[in-house]
There are 2 protein chains.
Amino acid sequence: MEGSAARPRTRIQTEKREAILEAALDVFSAHGYRGSTIDQIAAAAGMSKPNLLYYFRRKDDIYKALIQRLLDTWLAPLRELDDDGDPITELRSYIRRKLEMARDFPRESRLFANEILQGAPRILPMLEGELKSLVDEKVLVMKGWIRAGKIARTDPWHLIFAIWATTQHYADFDAQVRAVLGPDRGGDGRFEDAARFLEGLFIEGLRPKR
Amino acid sequence: MEGSAARPRTRIQTEKREAILEAALDVFSAHGYRGSTIDQIAAAAGMSKPNLLYYFRRKDDIYKALIQRLLDTWLAPLRELDDDGDPITELRSYIRRKLEMARDFPRESRLFANEILQGAPRILPMLEGELKSLVDEKVLVMKGWIRAGKIARTDPWHLIFAIWATTQHYADFDAQVRAVLGPDRGGDGRFEDAARFLEGLFIEGLRPKR
DNA sequence: CTAACCTTTGTCCATTCGGTCAAAAATGCG
DNA sequence: CGCATTTTTGACCGAATGGACAAAGGTTAG
């Protein structure tokens, strides 16, 4: 359903399209869709604007291709949540994986955050489709864990939201995190600190033992 | 430091400036700074563009005035965190207040989110100044609670981040929350569910009792 | 080598956008 | 009322932006 004929993709096309998407990730994640210009992306990709438009005919096409390509990567951590593993361990691992994503792929995180902030105008179908299905599936897994008494009785949907929120916060709100922590605590160690904290929070909560 | 002479503010000026800021909150929070146009704001405020520019001479002036006016409101919940109260109760209340803000002032939440996502170019000084001071102060309060054994040994900075992240998530990522919950669970009850969930999470964690 | 195809570029265009300006309309005050 | 001040508007401008296009420059297969 993308043009009437198949696309034969030459070597150059593959390479250039890749370079454009990489540049577009940089630009879109930093300035949002409306805040980014084709010229910026072209410059970042090391080519002229008309040349870029030869590979993607519209600005919107770049954006869509980018999001399409990223969605799988983005959902991978949740997909790995294993029904058969030990529940507490599985959740711990999921939180760790998500936090690593925030650390290693902040541009991807910000791209999605930007899109959703504006009401997800271009990806709402994906959220209601792929994403919802995946979440529904994992919610069932968690409900099983609750029934088995392996984790506390809690709301699986909101648990997933809480994990998303707390981990992605370190990518999306990085500027604020750094500003508040200051130069000393805001260095590279902040992800270690966050990992330790989140583990304690999600597993044990704040009430003091004894 | 804003013009050499004081501004006498007539009645009409007060009213119109108010209307403009209200309209600007609507527009800026929905589309971000670059994504919003003066025409949109003027239309939303029910006046012509040149007329709007009579009250705020630049687009940036509107934005700055808006943020300035909102910052106090935004930080109020944290300010209320009371050193002398019962720690668990205080934290519970803080979470509830923040969640109410996400429910009742989603535009304000999205405005700040948008700004910080782009690296907080226009409000970084405020984050490093007012916000950091307030956080530093409350961190000391929490450290006192920890020393007194009233809450678990945890990282107060990241605790604050976690509360911000989980509560604001329901405003900033509303589109995603609704998409994932679907029409039935995504209705008005979602804030009640979130409140119950977050209380359980922060206080008790996920490990099952017994 | 050469013809067919792919890639790149300079130029151009219409629209949008932030902002100006002078003149008209409304308001308020003595 | 009459005059000064404030408010509103229509017309306009330059810069930026998304995109079109045809011509020029490369690449590759026969």
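Within every chain, numbering begins at 1; the chains are lettered A, B, ... in the order of the sequence lines, protein sequences first and strands thereafter.
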Would you say a side-chain N or O of B:Gln13 is under 4.0 Å from OP1 or OP2 of D:dT7? yes

According to a strict under-4.0 Å criterion, is A:Tyr54 in side-chain N/O contact with OP1 or OP2 of C:dT8? no

B:Tyr170 and A:His158: side-chain donor and acceptor closer than 3.5 Å? yes

Can you name the nearest heavy-atom pair linking B:Phe112 to B:Trp74, along with the distance? CE1-CG, 3.6 Å

Check the orientation of B:Trp164 and A:His169. Use parallel for under 30°, tilted for 30 to 60°, and perpendicular for over 60°. tilted

B:Tyr63 OH to C:dG18 P, in whole Å, measures 14 Å

Ranking C:dG28, D:dT7, C:dT9 by distance to the side chain of B:Tyr55, first place goes to D:dT7

NZ or CZ of A:Lys49 within 45° of A:Tyr54 ring axis and under 6.0 Å: no

Apply the test salt bridge (Lys or Arg N to Asp or Glu O under 4.0 Å) to residues B:Glu90 and B:Lys138: give CA-CA distance (whole Å), side-chain angles for both, the deciding distance (0.1 Å), then the verdict. CA-CA 12 Å; B:Glu90 283 298 317; B:Lys138 297 306 181 182; over 6 Å; no

Could you tell me the separation between the CD1 atom of B:Ile41 and the P atom of C:dG19, rounded to a whole number of Å? 11 Å

Whole angstrom value for the distance that separates P of C:dG28 from CZ of B:Arg11: 5 Å

At less than 4.0 Å, is any side-chain N or O atom of A:Asn51 found next to OP1 or OP2 of C:dT9? Yes or no. yes

Starting at CE of B:Met47 and ending at P of D:dT9, how long is that distance when rounded to a whole Å? 9 Å

Check A:Asn114 against A:Phe28 and note the closest heavy-atom contact, atom names and distance. ND2-O, 4.1 Å

Minimum heavy-atom separation for B:Gly32 to A:Gln118, with atom names? N-NE2, 4.1 Å

Distance in angstrom units between B:Glu15 CD and D:dT8 P, rounded: 10 Å

Output the rounded distance in Å from CD1 (B:Ile62) to C1' (C:dG18). 11 Å

Could you tell me the separation between the CG atom of A:Asp61 and the P atom of D:dA20, rounded to a whole number of Å? 10 Å

In terms of the nearest nucleotide of DNA chain C, which residue is placed more toward the 5' end: B:Arg57 or B:Ile12? B:Arg57

Under 3.5 Å, which N/O atoms of the protein pair with N/O atoms of nucleotides 10-18 of chain D?
{"unit_1": "D:dG18", "atom_1": "OP1", "unit_2": "A:Ser36", "atom_2": "O", "d": "3.3"}
{"unit_1": "D:dG18", "atom_1": "OP1", "unit_2": "A:Lys59", "atom_2": "NZ", "d": "3.1"}
{"unit_1": "D:dG18", "atom_1": "OP2", "unit_2": "A:Ile38", "atom_2": "N", "d": "3.0"}
{"unit_1": "D:dG18", "atom_1": "N7", "unit_2": "A:Lys49", "atom_2": "NZ", "d": "3.0"}

